[in-house]
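The block underneath contains the structure these notes are about, expressed in structure tokens.
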Amino acid sequence: MSVAFRVSGNADLRMRNTFGVAARAPLLVEVDDAAALPEVFARHVAGGPPPLLLGGGSNLLFAGDPEGVVLSLAARGRQVLADDGILGIVRADAGVVWHDFVLWTLGQGYAGAENLALIPGTVGAAPIQNIGAYGVEVRDLVHVVEAWEPASGRRLRLDREACAFAYRDSLFKREADRYIVTAVEFALPRTPALRLDYAGIGEELAAMGVDAPTPSLVCEAVCRIRRRKLPDPAVVGNAGSFFKNPIVPAAQAAALQAAHPGLPQFAAGDDALRKLSAAWMIDACGWKGHRDGDAGVSPQHALVLVNHGHATGAALLALARGIADSVRARFGVELEPEPRIVGARW
């Protein structure tokens with residue numbers, strides 16, 4: 001066996017997904033060096049279904065077992081590629097834990113990633129989902145995404161525009177089996193332009209007694225807010241926000257707000273569109289804190305589905321479908337899941 005990757009048969013994936021649901025892979029390949037991917041595909045993937053790329057397991061739901069090979073990119077290198085005193089270009093392998101990377105960049109004196117602190121998952125998953133929080137999306141930071149294209153065998157460097165980022169979306173998510181993200185380069189400034197006007201960050205800093213915020217202090221404030229509002233996957237299984245905030249025509253948003261005055265809505269990057277609060281609608285339908293056996297909705301946040309211990313992925317998916325049905329019936333709005341669903345269709 002190549003020292004660049006390790007192979008396990010009938011692999012248990014329960015501890016490899018933050019929902020903590022039972023699933024098994026016919027073959028799990030842990031890749032320590034992305035240069036070994038052509039060999040991995042030739043020896044273990046060729047002739048079978050496309051492999052499932054598994055990072056931290058924080059943005060998927062195993063509603064069934066994966067059909068083919070599961071790939072885990074384990075390389076965790078990170079380095080500063082360039083720095084002119086104003087802007088740094090830093091690179092991290094796909095297997096680097098995202099929150100660890102945020103803390104490392106702050107320690108290097110870079111700003112920009114502080115609002116994205118404590119988001120579970122890996123660097124490689126970040127551009128796929130275009131992770132975002134507290135007014136910042138990872139596309140704001142991406143310089144280049146390094147990827148390997150199995151069909152052609154090419155190693156690619158895709159700049160921000162080529163990644164076709166959108167709200168919780170990207171080229172890599174829309175063409176999930178076409179690319180394997182192997183590393184990401186980020187452009188991070190030395191001089192911060194802090195985003196303090198979103199979801200209580202300013203208030204949290206004030207509660208901390210901070211009157212001269214720094215990126216590290218903003219990071220701390222974000223972590224405090226997230227720990228207070230969201231359940232810890234290490235304590236109760238979850239994948240963070242399960243549903244995207246739906247984007248609808250502005251006229252529909254206005255009509256909904258007239259009928260439901262408390263319904264929050266936000267800018268959607270286009271004057272003709274508005275983003276609605278999925279959490280508010282789910283809560284209004286009575287789902288917050290709901291529980292069916294071990295499948296439930298967090299009492300802390302209506303967007304978060306939780307596994308109280310032994311819920312199956314199928315049970316969590318059934319709960320999610322019931323939530324979406326009720327929101328559709330009451331508000332006429334379609335909810336779309338954020339996590340990738342494995343083993344079933346939405």
Side-chain angles (χ1 to χ4, degrees), residues 4 31-38 53-56 58-59 71-133 135-150 152-176 178-195 215-216 219:
V31 182
D32 298 309
D33 184 349
L37 284 170
L53 192 62
L54 182 63
S58 61
N59 199 51
L71 289 182
S72 175
L73 298 187
R76 295 190 176 183
R78 55 196 185 189
Q79 63 185 124
V80 177
L81 299 179
D83 189 327
D84 62 5
I86 298 173
L87 190 72
I89 305 298
V90 301
R91 180 187 184 278
D93 287 325
V96 173
V97 175
W98 174 257
H99 181 61
D100 292 349
F101 175 71
V102 171
L103 297 181
W104 179 78
T105 64
L106 293 170
Q108 299 296 311
Y110 296 113
E114 56 274 359
N115 289 45
L116 302 180
L118 215 60
I119 294 178
T122 59
V123 166
I128 297 173
Q129 182 71 5
N130 184 26
I131 59 171
V136 176
E137 292 182 326
V138 82
R139 64 173 161 188
D140 303 326
L141 314 178
V142 166
H143 177 59
V144 166
V145 174
E146 298 179 16
W148 183 65
E149 187 178 42
S152 67
R154 295 185 300 162
R155 298 182 185 278
L156 304 172
R157 289 175 54 81
L158 301 167
D159 63 19
R160 184 184 308 174
E161 183 176 354
C163 294
F165 289 119
Y167 171 60
R168 301 296 180 270
D169 199 12
S170 69
L171 171 69
F172 312 107
K173 187 174 183 179
R174 290 191 292 274
E175 301 186 44
R178 181 176 175 183
Y179 303 101
I180 294 177
V181 174
T182 56
V184 186
E185 295 176 10
F186 301 87
L188 302 176
R190 286 285 186 187
T191 302
L194 300 177
R195 292 291 305 272
S216 291
C219 174

Within-4.5 Å side-chain heavy-atom neighbours: [X] and [Y]:
| X | Y | result |
| --- | --- | --- |
| His143 | Phe186 | no |
| Ile128 | Asn59 | no |
| Leu37 | Thr182 | yes |
| Glu114 | Leu194 | yes |

Got a donor-acceptor contact below 3.5 angstrom from the Ser170 side chain to the Asn130 backbone?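 Answer holds: no.
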Counting distance only, does the side-chain N/O of Ser58 pair as donor-acceptor with the main-chain N or O of Pro120 below 3.5 Å?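 The answer is yes, because a donor-acceptor pair under 3.5 Å joins these two groups.
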Among residues at least two apart in sequence or on other chains, which ones pass salt bridge (charged side-chain N to carboxylate O under 4.0 Å, His left out) with Asp169?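 With neighbours one apart ignored, the set is Arg174.
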Sequence neighbours left out, what pairs pass side chain to side chain donor-acceptor pair (under 3.5 Å) with at least one residue falling in residues 81-92? Asp83-Tyr110, Asp83-Arg190, Arg91-Asp93, Arg91-Glu146
Could you tell me the separation between the [atom1] atom of [X] and the [atom2] atom of [Y], rounded to the nearest 0.5 Å?
| X | Y | atom1 | atom2 | result |
| --- | --- | --- | --- | --- |
| Gln129 | Phe165 | CD | CZ | 11.5 Å |
| Trp148 | Leu73 | CH2 | CG | 11.0 Å |
| Leu141 | Ile131 | CG | CD1 | 8.5 Å |
| Glu185 | Arg157 | CD | CZ | 4.0 Å |
| Ile86 | Leu188 | CD1 | CG | 14.5 Å |
| Leu156 | Tyr179 | CG | OH | 6.5 Å |

Contacts of Asn115 that satisfy side-chain contact (heavy atoms from CB on, under 4.5 Å) - sequence neighbours left out: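 With sequence neighbours excluded, Asn115 shows a side-chain contact (heavy atoms from CB on, under 4.5 Å) to Tyr134, Val136, Arg195, Ile201, Val218, given in chain and number order.
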Could you work out, with side-chain contact (heavy atoms from CB on, under 4.5 Å) as the rule, every residue matching Ser152, not counting sequence neighbours?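 Partners of Ser152 by the side-chain contact (heavy atoms from CB on, under 4.5 Å) criterion, ordered by chain and then number, come out as Glu149, Arg154.
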Identify all side-chain donor-acceptor contacts of residues 97-104 below 3.5 Å with residues at least two apart in sequence or on another chain.
| unit_1 | atom_1 | unit_2 | atom_2 | d |
| --- | --- | --- | --- | --- |
| Trp98 | NE1 | Leu116 | O | 3.0 |
| His99 | ND1 | Leu118 | N | 2.8 |

Tell me every residue that passes side-chain hydrogen bond (donor to acceptor under 3.5 Å, both in side chains) with Asp32, counting only those two or more places apart in sequence or in another chain.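 Only Arg6 meet the side-chain hydrogen bond (donor to acceptor under 3.5 Å, both in side chains) criterion with Asp32.
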Provide the closest heavy-atom pair for Pro127 versus Phe172 in the form atom of the first, atom of the second, distance.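 For Pro127 versus Phe172, the nearest heavy atoms are O-CD1, 4.2 Å.
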Tell me the closest heavy-atom pair linking Gly56 and Thr122, and the distance in Å.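 Answer, listing the atom of Gly56 first, then Thr122: N-CG2, 3.6 Å.
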Is the CD atom of Gln79 crowded by more than 12 outside heavy atoms at less than 6.0 Å? yes
Any chance you could lay out the side chain to side chain contact (heavy atoms under 4.5 Å, CB included) test for Gln108 and Val90, step after step, and finish with the verdict? CA-CA 10 Å; Gln108 299 296 311; Val90 301; over 6 Å; no
